[in-house]
Every structure is written in structure tokens, then in C-alpha cells.
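Please read these numbers as outputs of a predicted model, since none were measured by experiment. Throughout, numbering of the chain's residues begins at 1 and tracks the sequence.
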Amino acid sequence: ETGGCVDVREPDRCKFPTFDRATPYEVILHPGDLLLVPAGWAHLVECVDDCISLTHNFLPKDNFPAVRACLLANRLGKAVQDRTRKQKEEERDAGEQEDSSQPPAVQ
């Protein structure tokens with residue numbers, strides 16, 4: 001899967017079944033060091049000391065339309081997920097209110 005967030009300490013192996021096949025690289029940067037991460041590589045950054053970190057994502061003009069389309073699709077997908085979750089919560093709440101308004105069953 002691409003574009004998803006994975007907790008590398010406790011990965012969801014159902015959502016990311018190929019996680020264990022990834023090759024991790026650990027790098028410790030020292031003052032003045034620079035690390036270039038290739039485009040598309042997933043990465044995690046942890047600061048082990050107080051520091052100032054700068055990140056720059058380079059986007060060539062030729063790739064902008066594709067990246068924009070992906071970002072908009074991701075935003076649309078999240079909006080649909082949020083709406084679906086809200087509808088399910090509203091249905092659940094309505095069902096709970098309906099259940100509480102019913103008289104108890106006679107046994």
C-alpha cells in the first residue's frame with residue numbers, strides 16, 4: 001500500500017502485509033549532515049537530541065498534475081470516510097434512542 005501511515009513499532013500487518021519484507025536503514029545525522037530520501041520512500045524521523053530540522057519536498061513542475069490529483073483523491077477519500085463514519089454514528093445513536101423508548105419486554 002502506498003500513501004498510508006504505518007506505526008513502525010506496532011505495524012498493522014493486515015493493512016500492511018508486506019511490512020516485514022521492508023529493509024530498514026538507520027542513520028544518525030550529526031551537525032552539518034544532510035540526508036536525501038528518494039522520492040516515494042517511506043521514512044520515519046526521530047530527533048534524539050534538541051535540534052532544528054528542516055524538510056524540503058521537491059516537486060518538479062512536470063509531476064505537479066499527478067501529485068495534485070493524488071492529493072485531491074486522498075482528500076476526497078478522507079471526506080467520504082468521515083461522512084460514512086458520521087452517518088454510522090448517527091444511525092447507531094438513533095437506534096439506541098429507539099431502544100430506550102421501548103417499554104421493557106414482559107416475560
> Quick check against the 3.5 Å criterion: does Asp82 have a side-chain atom that pairs as donor or acceptor with the backbone of Ala79?
no

> So with a 6.0 Å cut-off around CZ of Arg13, is the heavy-atom count from everything else above 12?
yes

> Cluster question for you: counting only ILVMFWY and a side-chain heavy-atom cut-off of under 4.5 Å, with indirect links fine, are Trp41 and Val8 together?
no

> To the nearest 0.5 Å, tell me how far Asn74 CG sits from Leu72 CG.
9.5 Å

> Which atom pair, heavy atoms only, marks the closest approach of Arg21 to Thr18?
NH2-CG2, 2.8 Å

> Working to the nearest 0.5 Å, report the span between CD1 of Ile28 and CG of Asp49.
9.5 Å

> What distance separates Leu44 CG from Glu26 CD, expressed to the nearest 0.5 Å?
10.0 Å

> Quick one: are Val80 and Arg83 in side-chain contact, heavy atoms under 4.5 Å?
no

> Are there over 12 heavy-atom neighbours, none belonging to Arg92, within less than 6.0 Å of that residue's CZ?
yes

> Going from SG on Cys70 to CZ on Arg75, what distance comes out if it is rounded to the nearest 0.5 angstrom?
13.5 Å

> Cluster question for you: counting only ILVMFWY and a side-chain heavy-atom cut-off of under 4.5 Å, with indirect links fine, are Tyr25 and Leu35 together?
yes

> Drop me the distance from Gln87's CD to Glu89's CD, to the nearest 0.5 angstrom.
10.5 Å

> Evaluate side-chain contact (heavy atoms from CB on, under 4.5 Å) for Asp12 paired with Phe19, printing each intermediate quantity in order.
CA-CA 9 Å; Asp12 179 346; Phe19 178 83; over 6 Å; no

